[in-house]
2 protein chains.
Amino acid sequence: MDERKKQILKAIVDDYVETAEPVGSKSLVDRHKLKYSSATIRHEMAELEEMGYLEKPHTSAGRMPSDRGYRAYVDNMLSLPEISPQEASGIRDFLLKNLDEARELIERAAEYLAGKTNYLSVALSPQYSDSSLEQIKIMMIEPGRAIVVLVLSAGVVHDRLIRIPAMIDEKQLDSIGRAVERCLAGKKLDDITLVTISSAAGETGLPEALVNQVLYEAYVAIKQTEKIEIFMDGRHHLLKQPEFRNVDRANRFYRAVHQEQMVAGYMMEMRQEQEERQAEGCDWNLDCLEAVESGEESALSVQRTKPSYMVRIGQEIALDGMEDMSFITTTYRIGRQISGQIGVIGPKRMQYGRIISQISFVNKALMEAAGEHYGHPDSNDGSSGQKEGKTEE
Amino acid sequence: MDERKKQILKAIVDDYVETAEPVGSKSLVDRHKLKYSSATIRHEMAELEEMGYLEKPHTSAGRMPSDRGYRAYVDNMLSLPEISPQEASGIRDFLLKNLDEARELIERAAEYLAGKTNYLSVALSPQYSDSSLEQIKIMMIEPGRAIVVLVLSAGVVHDRLIRIPAMIDEKQLDSIGRAVERCLAGKKLDDITLVTISSAAGETGLPEALVNQVLYEAYVAIKQTEKIEIFMDGRHHLLKQPEFRNVDRANRFYRAVHQEQMVAGYMMEMRQEQEERQAEGCDWNLDCLEAVESGEESALSVQRTKPSYMVRIGQEIALDGMEDMSFITTTYRIGRQISGQIGVIGPKRMQYGRIISQISFVNKALMEAAGEHYGHPDSNDGSSGQKEGKTEE
DNA sequence: TATTGGCACTCGACGCGTTCGAGTGCTAAT
DNA sequence: ATTAGCACTCGAACGCGTCGAGTGCCAATA
């Protein structure tokens, strides 16, 4: 594709994104002060259409980008605007003010993103499978009930109520707890199985029948920790989009979005793929992001992992009802072992540059905020930085 | 209003709810096999309109109910269908299967309700201000961090991470914890203030400066317990409603719904008003509900408080953007001191009878489920029944 | 050879008038 | 008090002509 075609395609995408109307050769020449006549442009547009980058809704209409057109735009002609100071200001406060738990931090990041982009934002709670278990305490609440408190490697705390045999007393419970801790401490959550944990039974000197129920409950508590939650915000923004003037479309889409587990699963797939792609090294994304990074010479230089993003356009999204949307995600990292996904769903006809900048920016702010609020200022590699938080289910 | 007018109004509401089209005299006579001619009906309709129960979109169109018409319908001519067994089946499983926390129980009840009604369901998490604090434990996680575990009267457990001065050791923390418990045990959450709690400081024999931070954090933890969460489900269903064929309306509405705190606040107001009305005894609702109750001779007879409901129609709803909707809520109770709200938002043109039945049914199932899963089978008054659960913020 | 002006053609949007039908209100007869 | 009958109203649906922004193609041009 020669330079002029690129220019034209970019112009068409930009116009179409703005107006939501098929763009014609004449108006294109006018608006962009192109130094060719509309006839030439028409010629080029016909070729671009033949190549699959453009589509016509009907014979005598202007052109609009196809999925492939958007893809080319995003891959090759994207410019990422910097976040203006007034846009950027306030996010720190927004994220950190009266903050209680890690969970809420993510929730707020999603909320902020939705507000700034006017699209639907989606975030996944952190994935802890790579974290290791540092402490586990089981404490009696009253006969028959206890609470399990888990401390993970980065200082994250989770807990969960469990039922235990009523005849177990505080001392016994304590010894079971210590046995479990000896047996599991330092292990990665992923590697903990029912088999691993039941090897603690022998150490207690208590009747197996008693111990086993507690062990099982403790096991469940540990596994609950790995459950991933999904947060969404800004669903209502999309109704303003002209593509949803057609209510049936909106309907289809919102039904799809309502399948939160599907969406979450898909985001994890995207992450997977992004990581694979990065591993292969063929990652043009990095270049783009470099630009953003250098825009603000930030305190985040400690973070080794570069933020990067992934874009899925239209049919590329393997979720029913999302054919007319685009889905942009990125991975946030808190310390070394904790990470999750955050992203935006909007119409295909999206301001890709602006949105990607926003996502990268929020992502960065999120990581900074996590470090700032929960971290130790003197330990910068992240893995020993503290991160407070709990979730439970 | 004479009997015939009532009959006609009811017929009009029923027809309009079904078809969403203004209903005319002729079709009304046909569909309901009325023994008067259309001219007579026309006469009556004109009068009903004059009385404010009906409206015409334009001169030569049929009539549709006004807010006042719906109100009369709901107040005087409502019939509450029984829940059919196949509709009812599965709710127990749905609510209880793999249930972890109280919070999730409410969430599921809302989900179920949304699914069955095809409208938007809303639920508030339980309000604990009336509960009293039974136990409070503060336990060290690591230097500088601890976890506060609160056990409320009905056996509900909440917890929260706090920061403490790093020099406090496990023993000291323990003694602070016990002092706080001595000082607060048995008090209603509502009655606990910073003043009450700081009276514990003297008992510990530790430097005030050290103790005070812990006390403050414990106080915050207690207050967090009273925060009310809101759950919604089924937003997407409403898009199917013909009233939302107009996207701008949908837009306005969804923006309103997005103000979750507003909605939650409004639900609490409604509850307030309902309680006042019940106290006055002038409660026609009870009669209606009696019918539903007797429909299923249920295990819930232990519950002394009768379920009842509250309906707000159109303009009656004091929330911007909800003028075309109706809002039905009811109060669920778990034991004596714990209660919250659950309800449905749908178009004014709503199957009131069916929806109210559904809400009452779900409410009952919710209370049963709470009793069954968390309660002691042998203590039925609820207040001593156990209720497991935690939330944290 | 790449570019351009010119021209015929296409098609949706818009405005306008007509028809159709389901509704109304009013009146006179039962 | 009820009803049949009649004139009237108004939105929905339809057909039709016009307008304009778009197209493709072709012959002329730099």
Side-chain angles (χ1 to χ4, degrees), chain A residues 1-9 11-16 18-66 69 242-243 245-246 349, chain B residues 1-9 11-16 18-66 69 242-243 245-246 349:
Chain A
M1 182 149 68
D2 63 40
E3 208 39 57
R4 191 171 67 185
K5 280 207 179 53
K6 271 195 193 177
Q7 195 191 351
I8 292 173
L9 179 54
I12 291 176
V13 172
D14 285 339
D15 275 19
Y16 185 70
E18 191 179 330
T19 63
E21 298 292 329
V23 354
S25 51
K26 181 119 189 307
S27 69
L28 197 70
V29 172
D30 291 353
R31 296 192 49 160
H32 295 266
K33 304 192 207 92
L34 300 181
K35 44 191 201 308
Y36 302 97
S37 80
S38 64
T40 313
I41 302 300
R42 238 164 10 240
H43 216 76
E44 293 282 47
M45 283 167 93
E47 277 177 52
L48 279 168
E49 184 177 354
E50 201 162 355
M51 294 159 77
Y53 295 111
L54 296 179
E55 290 171 351
K56 272 191 298 192
H58 57 89
T59 30
S60 76
R63 307 294 209 296
M64 48 201 269
S66 64
E243 11 278 289
R245 203 62 60 76
N246 175 346
R349 193 186 55 75
Chain B
M1 184 149 71
D2 62 40
E3 208 39 56
R4 192 171 67 184
K5 279 206 180 53
K6 270 194 193 177
Q7 195 193 348
I8 291 173
L9 179 54
I12 292 175
V13 172
D14 285 339
D15 274 19
Y16 185 70
E18 190 180 328
T19 64
E21 299 290 330
V23 354
S25 50
K26 182 120 187 307
S27 69
L28 196 69
V29 173
D30 291 352
R31 295 194 48 163
H32 295 265
K33 306 195 205 88
L34 300 182
K35 45 192 201 307
Y36 301 97
S37 81
S38 64
T40 313
I41 302 300
R42 230 154 30 229
H43 217 75
E44 292 283 47
M45 283 166 91
E47 278 178 51
L48 279 168
E49 182 176 356
E50 200 162 352
M51 295 160 77
Y53 295 112
L54 296 178
E55 290 172 351
K56 272 191 298 192
H58 58 87
T59 30
S60 75
R63 308 289 210 298
M64 47 201 269
S66 66
E243 11 277 290
R245 204 60 62 75
N246 175 346
R349 192 185 55 73

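Numbered from 1 within each chain, the chains take letters A, B, ... in sequence-line order. Both backbone and side-chain heavy atoms feed into the values below; hydrogens, waters and symmetry mates do not.
More than 12 heavy-atom neighbours from other residues, nucleotides or ligands sit within 6.0 angstrom of NZ on B/Lys56.
Here C/dT3 presents its C1' atom at 13 Å from CD of A/Glu47, a figure rounded to the nearest Å. Atom CZ in A/Arg31 sits about 15 Å away from atom P in D/dA21, given to the nearest Å. Spacing between atom CG of A/Asp30 and atom C1' of D/dA21 amounts to 12 Å, rounded to whole angstrom units. Here the P atom of nucleotide C/dA2 and the CD1 atom of A/Ile41 are 15 Å apart, to the nearest Å. The separation between A/Met45 atom CE and D/dC25 atom P is 15 Å, rounded to whole Å. Between the NZ atom of B/Lys26 and the P atom of D/dG5 there is a distance of 13 Å, rounded to whole Å. Counting to the nearest Å, the P atom of D/dA1 and the CG atom of B/Asp2 are 12 Å from each other. Across the protein-nucleic acid pair, B/Glu55 atom CD and C/dT24 atom P stand 15 Å apart, rounded to whole Å.
The salt bridge (Lys or Arg N to Asp or Glu O under 4.0 Å) search around A/Arg245 returns none, not counting sequence neighbours.
B/Lys5 contributes atom NZ, which lies 10.5 Å from atom CD1 of B/Ile41 (distance to the nearest 0.5 angstrom). The CD atom of B/Gln7 sits 10.0 Å away from atom CD of B/Glu44, with the distance rounded to the nearest 0.5 Å. One distance of note links CZ of A/Arg42 with CD of A/Glu49; it measures 13.5 Å at 0.5 Å rounding. The OG atom of B/Ser38 sits 13.0 Å away from atom NE2 of B/His43, with the distance rounded to the nearest 0.5 Å.
If A/Ser27 and B/Ala39 are placed on DNA chain D by their nearest nucleotide, the residue sitting closer to the 5' end is B/Ala39. Mapping A/Pro22 and B/Ser37 onto DNA chain D via the closest heavy atom, the residue that lands nearer the 5' end is B/Ser37.
Taking 4.0 angstrom as the limit, A/Thr40 places none of its side-chain polar atoms (N or O) nearer than this to OP1 or OP2 of C/dT3. At the phosphate of D/dG24, OP1 or OP2 sits under 4.0 Å from a side-chain N or O atom of A/Lys56. Contact annotation: A/Arg42 side-chain N/O to D/dC26 OP1/OP2 distance is not under 4.0 Å.
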Which pairs, protein N/O on one side and nucleotides 28-30 of chain C N/O on the other, fall under 3.5 Å?
none

Pick out the pairs of N or O atoms, protein on one side and nucleotides 10-15 of chain C on the other, that lie under 3.5 Å.
| unit_1 | atom_1 | unit_2 | atom_2 | d |
| --- | --- | --- | --- | --- |
| C/dT10 | O3' | A/Thr59 | OG1 | 3.2 |
| C/dT10 | O2 | A/Ser60 | OG | 2.5 |
| C/dC11 | OP1 | A/Thr59 | OG1 | 3.0 |
| C/dC11 | O4' | A/Ser60 | OG | 2.8 |

Checklist entry - Taking it one step at a time, do B/Tyr53 and B/Met1 satisfy side-chain contact (heavy atoms from CB on, under 4.5 Å)? => result CA-CA 11 Å; B/Tyr53 295 112; B/Met1 184 149 71; 4.0 Å; yes
Next on the checklist: If you apply the rule side-chain contact (heavy atoms from CB on, under 4.5 Å), what do you find for B/His32 with B/Asp15, and how did you get there?
Outcome noted: CA-CA 9 Å; B/His32 295 265; B/Asp15 274 19; 2.7 Å; yes
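Between A/Glu18 and A/Arg31, at least one side-chain N (NZ, or NE/NH1/NH2) sits under 4.0 Å from a carboxylate O, which counts as a salt bridge.
Looking at the side chain of A/Arg4, the nearest of the listed nucleotides D/dT2, C/dT3, C/dG25 is C/dT3.
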